[in-house]
Novice: 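So that we are looking at the same thing, I have put the structure below in C-alpha cells.
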Amino acid sequence: MQPVPLSFFERPALDLARALVGRLLVRRRAGLLLVARVVEAEAYARHEKASHSSLGRTPSREPMFAAPGTIYMYRSRGGPSLNVSAHGAGDAVLFKSAVLACDGPARAAMHALNPSRSGAPRPDPKLLAGQSLLCRALDLETAAWTGRPFGGDLAVADDGDRPRLIQTTRLGIPAGRDEHLPWRFVHAGHLGSATKDPTRRRGAVEGRDWWFVEPAG
DNA sequence: CCAAAGATGCGCT
DNA sequence: GCGCATCTTTGGG
C-alpha cells in the first residue's frame, strides 16, 4: 500500500476521477489507519454548469482553484463532501462512495463514527455508500480539512487494484446544468456500494446510458 | 436578518 | 422511485 505523490493529482479532472476509483483513502486517526477503497467518483470543471467553481471564485471555493491535490470540502444538505482539485483551475473530483478496506479496530472505529440514525451499525456495504457517509466514517469535517493538501493524516494510496469501471452521468444535477455529461465513474466490482447502481436504473441501456471502461494507467 | 437552494440521506411504497 | 427531513452557505433586503 503506497501513498501516491502530489503529482498523481496533476491531470485533468476526468482522468483523475477515473484514476481515483479503486485507489484507497487512508485516514490516520487516534493511532488507527482507517482505510476505504474508492468506489465512485465524479469530475467537475470550471467551464461547466454543475460545478461550484462555475458559480465564481469565493473564499470557500478557493481550494477548487488551488494546486492539484488540494482538498476541497463543503456542506450540502447537512452533510460534508470530500473533493480534490485537479489540473486546471476550478476543476476537481468529488469522492462519491467507497467500501471498507480495513479490519479489526479500524473497521470498528469507522462503524462507530457512522452509525445509522437509529444507532444500529450499518451493513458493511452501506457504511461508505455516499459522499457524506464516507466523510463521517473517516471523521472528515469540512472546517478541519478544506484547503489542505492530501498527504499525512489523509492520503490517497495505491495497492494495485485496477478494476474495470463503469462510466455514466453524474447524480443530482438539475436539468440545464450539464446534467448529461458522463463524468461519473463506478468500480464495476462494487456496484452494491455505489450511491446508485447505474446498470439497474429503470430504462437504463448499456452503451447509451452507461458503458464499461478500462482502468486508468 | 431571513429566505431559498442545494454535487444528500433515509424511510416507505 | 419518491417525498421529506435536514442544516449550512449564500445572497438579497
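To find a chain, count down the sequence lines: A is the first, B the second, and so on, and within it residues start at 1. The figures here come from the full heavy-atom set of this structure, side chains too, leaving out hydrogens, waters and symmetry mates.
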Novice: What's the closest nucleotide to the A/Ser60 side chain, out of B/dA7, C/dT9, B/dG9?
Specialist: C/dT9

Novice: State whether A/Arg77 places a side-chain N or O below 4.0 Å from either non-bridging phosphate oxygen (OP1 or OP2) of B/dT8.
Specialist: yes

Novice: More 5' along DNA chain B: A/Arg177 or A/Leu134, using each one's nearest nucleotide?
Specialist: A/Arg177

Novice: Could you tell me the separation between the NZ atom of A/Lys196 and the C1' atom of B/dA7, rounded to a whole number of Å?
Specialist: 13 Å

Novice: Rounded at 0.5 Å granularity, tell me how far NZ in A/Lys196 sits from OG in A/Ser97.
Specialist: 12.5 Å

Novice: Quick one: on DNA chain B, does A/Ser116 or A/Ile173 contact a more 5' nucleotide (nearest heavy atom)?
Specialist: A/Ile173

Novice: How many Å lie between CG on A/Leu55 and C1' on B/dA5, as a whole number?
Specialist: 11 Å

Novice: Taking the six-membered ring for Trp, are the ring centroids of A/Trp183 and A/Phe185 within less than 6.0 Å of each other?
Specialist: no

Novice: Strictly distance-based, threshold 3.5 Å: is any side-chain N or O of A/Ser85 a donor or acceptor partner for the main-chain N or O of A/Ala67?
Specialist: yes

Novice: Report the distance from atom CE of A/Met73 to atom C1' of B/dT8, rounded to the nearest whole Å.
Specialist: 14 Å

Novice: Heavy atoms under 4.0 Å, any strand shown: does A/Gly79 hit a base, just sugar-phosphate, or nothing?
Specialist: nothing

Novice: Is the backbone N or O of A/Pro68 less than 3.5 Å from a side-chain atom of A/Glu10, with the two atoms forming a donor-acceptor pair by type?
Specialist: no

Novice: Looking at every strand, decide which applies to A/Ser81 at a 4.0 Å heavy-atom threshold: base, sugar-phosphate, or nothing.
Specialist: nothing

Novice: Measuring from the side chain of A/Arg202 (C-beta onward, heavy atoms only), which nucleotide among B/dC10, C/dG1, C/dG11 has the closest atom?
Specialist: C/dG1

Novice: Mind calculating the distance between CG (A/Asn114) and P (B/dG9) to the nearest angstrom?
Specialist: 10 Å

Novice: Return the value, rounded to whole Å, for the distance between atom CZ of A/Arg136 and atom C1' of B/dC10.
Specialist: 11 Å

Novice: Is there aromatic stacking of A/Tyr74 on B/dA7 here, judged by a ring-centre distance under 5.5 Å and a plane angle under 30°?
Specialist: no

Novice: Can you run through DNA chain B from 5' to 3' and write each base as (, ), [, ], | or . depending on how it pairs? Watson-Crick or G-U wobble, both distances under 3.5 Å.
Specialist: ||||||.|||||.

Novice: Would A/Arg170 pass as a cation-pi partner of A/Tyr44, given that its NZ or CZ must be under 6.0 Å from the six-membered ring centre and within 45 degrees of the axis?
Specialist: yes

Novice: Looking for any heavy atom pair under 4.0 Å, which part of the strands does A/Arg117 touch: base, sugar-phosphate only, or nothing?
Specialist: sugar-phosphate

Novice: In whole Å, what is the span from the CG atom of A/Leu82 to the C1' atom of B/dT8?
Specialist: 15 Å

Novice: Which nucleotide sits closest to the side chain of A/Arg75: B/dG9, C/dT8, B/dG6?
Specialist: C/dT8

Novice: Counting distance only, does the side-chain N/O of A/Thr70 pair as donor-acceptor with the main-chain N or O of A/Gly147 below 3.5 Å?
Specialist: no

Novice: So what does A/Met64 hit on the nucleic acid, given a heavy-atom distance under 4.0 Å: a base, only sugar-phosphate, or nothing?
Specialist: base

Novice: Give one of base, sugar-phosphate or nothing for A/Arg122, where a contact means two heavy atoms less than 4.0 Å apart.
Specialist: sugar-phosphate

Novice: Look at the side chain of A/Lys96 and decide which nucleotide, out of C/dG11, C/dT8, B/dT8, has an atom nearest to it.
Specialist: B/dT8

Novice: Calculate the interatomic distance between A/Lys49 atom NZ and B/dA5 atom P; express it in whole Å.
Specialist: 19 Å

Novice: Give the rounded distance in Å between these two atoms: CG of A/Leu171 and P of B/dT8.
Specialist: 8 Å

Novice: Can we say A/Arg46 and A/Asp91 salt-bridge, meaning some charged N sits less than 4.0 Å from an Asp/Glu carboxylate O?
Specialist: no

Novice: Students often mix this up, so state it plainly: with edges at 30° and 60°, are the rings of A/Tyr74 and A/His52 parallel, tilted or perpendicular?
Specialist: perpendicular

Novice: Heavy atoms from C-beta onward define the side chain here; which of B/dA7, C/dG11, C/dT8 lies closest to that of A/His52?
Specialist: B/dA7

